[in-house]
Amino acid sequence: MRMRGEIVGYKEEEEEEREMVGGGLPESKKFVVVGYALTSKKVKSFLQPKLEGLARSKGILFVAIDQSKPLSDQGPFDIVLHKLSGSKWRRILEEYRLTHPDVTVLDPPDAIQQVYNRQYMLEDVADLNLSDTYEVGRGPNAGLLGKVGVPRQLVIEKDSSSIPDAVGKADLRLPIVAKPLAAKSHELSLAYDKFSLQMLEPPLVLQEFINHGGILFKVYIVGEAVKVVRRFSLPDISKRELSKNPGVFRFPRVSCAAASADEADLDPSVGELPPRPLLEKLAKELRRRLGLRLFNLDIIRELGTKDRYYVIDINYFPGYGKMPEYEHIFTDFLLSLVKQKQ
């Protein structure tokens, strides 16, 4: 049985499945064919057996795209799922979208490029005017949900020696979080004092660090579905620690599945999830603004507040394999795309 990594012969496989009886697919059921172009690392983390098994039971076939052959000669596909880099691949995909308007491409290459640059990524969030308090309902029974913003930030493209002065002119408060300008890297640094800032290596984005109880909310978006989990994050920093710990501290990756905080015994003021209506409205507006359907948000709540949230990062096609029940959410999403086309 050929499912992953091979295109030739999937039509014959589809015919085999149609003829199955007693627990197989109904004869009249047509397969949804999803062509995928992913890195080997992404294939391993995303196309897990539990996803492929459930997808097959729902009439979905995942078929690898052969990058050595013209994309238009492969398929036919109902959906193309991709996460590859490079201008050549973007050109191939854009041409394919123009010549195959009936195929859903997840997601448009130009929209993806937008969130690969941290400067433009959070500018989009700020442009949504999410600093206004969201309300659910109207009139005297309306409930306040919270305010969503982005940390104050500064882009440094070159010349590390100019960073201390630039931070002073922008009036950014220490400590400062430094992230690579290209969002493909998850590394970050934390600078405790002004003079250590020149140890950083541009191009990068500098953000004010906001104490948030050491908890980050990772909000996964799959089409209209929204799923949120807790992750441990950087610990809070007091003024005393700030004065006694000069230097730059580097972190290869802060939030991952191993750092899950969903089962931790947390103070409710720190661990309480953001209101679901707030997350759904935020996700809806960002889907429209970004033109993406597969992404996640890293959100923190300012320590000592109940309703002050900050979006600190956006990731395209994140590690959905770490999201609870991802196989059910993702297969339902794929089927909904085909239904919308019909």
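These values consider heavy atoms only, across backbone and side chains, with no hydrogens, waters or symmetry-generated copies.
Cluster membership check: L154 does not share its hydrophobic cluster with V205, using side-chain heavy-atom separations under 4.5 Å among Ile, Leu, Val, Met, Phe, Trp and Tyr. V33 is connected to V103 through a chain of hydrophobic side-chain contacts under 4.5 Å among Ile, Leu, Val, Met, Phe, Trp and Tyr, so both are in one cluster. Under a hydrophobic clustering in which Ile, Leu, Val, Met, Phe, Trp and Tyr are joined whenever their side-chain heavy atoms come within less than 4.5 Å, directly or via other members, L181 and L197 fall into different clusters. Residue L204 is not grouped with residue Y120 when hydrophobic side chains (ILVMFWY) are merged at heavy-atom distances under 4.5 angstrom, including chains of intermediate members. A single hydrophobic cluster is not seen to contain both V155 and I314; linkage of ILVMFWY side chains at heavy-atom distances under 4.5 Å, directly or through other members, places them apart.
D236 and G213 make their closest contact through OD1-N, 2.9 Å (heavy atoms, listed as atom of the first residue, atom of the second, distance). A pairwise comparison of heavy atoms in A166 and I156 identifies CB-CD1, 4.0 Å as the closest pair. Of all non-hydrogen atoms in E302 and T305, the two that sit nearest each other are O-OG1, 2.7 Å. The two residues H100 and S72 come nearest to each other via the heavy atoms CE1-OG, 3.4 Å. Considering every non-hydrogen atom in both V270 and H212, the closest pair reads CG1-O, 4.3 Å. Contact between A111 and G291 at its shortest, heavy atoms only, is CB-O, 3.9 Å.
Taking CD of Q207 as the reference point, atom CZ of R152 lies at 12.0 Å (rounded to 0.5 Å). One distance of note links CZ of F295 with CG of L297; it measures 5.5 Å at 0.5 Å rounding. Summarising the geometry, atom CE belonging to M323 is positioned 8.0 Å from atom CZ belonging to F330; distances are rounded to the nearest 0.5 Å. Atom-to-atom distance recorded for L234:CG and I215:CD1 is 11.5 Å, nearest 0.5 angstrom. For the atom pair CG of L206 and CG of L200, the computed distance is 6.5 Å after rounding to the nearest 0.5 Å. Expressed to the nearest 0.5 Å, how far CD1 of I65 lies from OH of Y36 amounts to 9.5 Å.
A distance-only check finds a donor-acceptor pair linking the side chain of R118 to the backbone of P180 [under 3.5 Å]. Panel note: side chain D107, backbone L294; a donor-acceptor pair is recorded below 3.5 Å. Side-chain N or O atoms of K42 include one that pairs as donor or acceptor with a backbone N or O of P318 at under 3.5 Å. Put simply, the side chain of E95 never gets that close to the backbone of I92: no donor and acceptor are under 3.5 Å apart. With hydrogens and angles ignored, the 3.5 Å screen pairs no side-chain donor or acceptor of E52 with any backbone N or O of F62. For the pair R293 (side chain) and I221 (backbone), a donor-acceptor distance under 3.5 Å is absent.
Heavy-atom contacts from other residues, nucleotides or ligands closer than 6.0 Å to CD of E224 number 12 or fewer. Within 6.0 Å of NZ in K341 there are more than 12 heavy atoms belonging to other residues, nucleotides or ligands. The local environment of CZ in R173 is sparse, with at most 12 non-hydrogen atoms from other residues, nucleotides or ligands closer than 6.0 Å.
Between the side chains of R308 and Y310, at least one donor-acceptor pair of N or O atoms lies under 3.5 Å. Defined by atom type and a distance below 3.5 Å, a donor-acceptor pair is present between the side-chain atoms of S196 and D193.
A salt bridge links R276 with E280: the distance from a Lys NZ or Arg NE/NH1/NH2 to an Asp or Glu carboxylate oxygen falls below 4.0 Å. E94 has no carboxylate O lying under 4.0 Å from a charged side-chain N of R91, or vice versa, which leaves the two without a salt bridge.
Within the 4.5 Å cutoff, the side chain of V32 has no heavy atoms near those of the L61 side chain. Side-chain contact between L106 and L337: present, with at least one pair of heavy atoms (C-beta onward) separated by less than 4.5 Å. Residues T39 and K83 are not in side-chain contact: their nearest non-hydrogen atoms beyond the backbone lie 4.5 Å or more apart. M199 is not listed as a side-chain neighbour of S160, based on a closest heavy-atom distance of 4.5 Å or more. Using a 4.5 Å cut-off on side-chain heavy atoms (C-beta onward), Y220 and V229 make contact. Side-chain atoms of L242 and P175, non-hydrogen and from C-beta on, do get closer than 4.5 Å to each other. Residues I237 and F209 have side chains in contact (heavy-atom distance under 4.5 Å, counting atoms from C-beta outward). Side-chain contact between V248 and L190 is absent, with no heavy atoms from C-beta onward closer than 4.5 Å.
Each of K218, R231, R230 was scored for a salt bridge (Lys or Arg N to Asp or Glu O under 4.0 Å) with D298, with one residue passing: K218.
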(request) Evaluate side chain to side chain contact (heavy atoms under 4.5 Å, CB included) for L334 paired with V338, printing each intermediate quantity in order. (result) CA-CA 7 Å; L334 294 176; V338 176; over 6 Å; no
(message) Checking M121 against D313 for the side chain to side chain contact (heavy atoms under 4.5 Å, CB included) test, could you report, in this order, the C-alpha distance in whole Å, the side-chain angles of both residues, the deciding distance, and whether it holds?
(response) CA-CA 8 Å; M121 170 204 301; D313 224 341; 3.3 Å; yes
(request) Quick one: do F317 and F46 satisfy ring pair (Phe, Tyr, Trp, His ring centres under 6.0 Å)? Show the steps, please. (result) CA-CA 10 Å; F317 202 156; F46 175 71; 5.2 Å; yes
(request) Evaluate the criterion side chain to side chain contact (heavy atoms under 4.5 Å, CB included) for residue pair L93 and V80; output intermediate values, then yes/no. (result) CA-CA 9 Å; L93 210 51; V80 168; 4.2 Å; yes
(message) Quick one, L122 with V311, criterion side chain to side chain contact (heavy atoms under 4.5 Å, CB included). Give me CA distance, side-chain angles, the key distance, then yes/no.
(response) CA-CA 8 Å; L122 292 188; V311 177; 4.2 Å; yes
(message) If you apply the rule salt bridge (charged side-chain N to carboxylate O under 4.0 Å, His left out), what do you find for K306 with E272, and how did you get there?
(response) CA-CA 9 Å; K306 293 182 179 181; E272 183 180 2; over 6 Å; no
(request) Check the pair R90 / D110 against salt bridge (charged side-chain N to carboxylate O under 4.0 Å, His left out), numbers first and verdict last. (result) CA-CA 8 Å; R90 291 200 303 273; D110 288 346; 5.4 Å; no
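Using cut-offs of 30° and 60° on the angle between ring planes, the pair Y316 and H82 is tilted.
Taking the six-membered ring where the residue is Trp, the centroids of F249 and Y192 are separated by under 6.0 Å.
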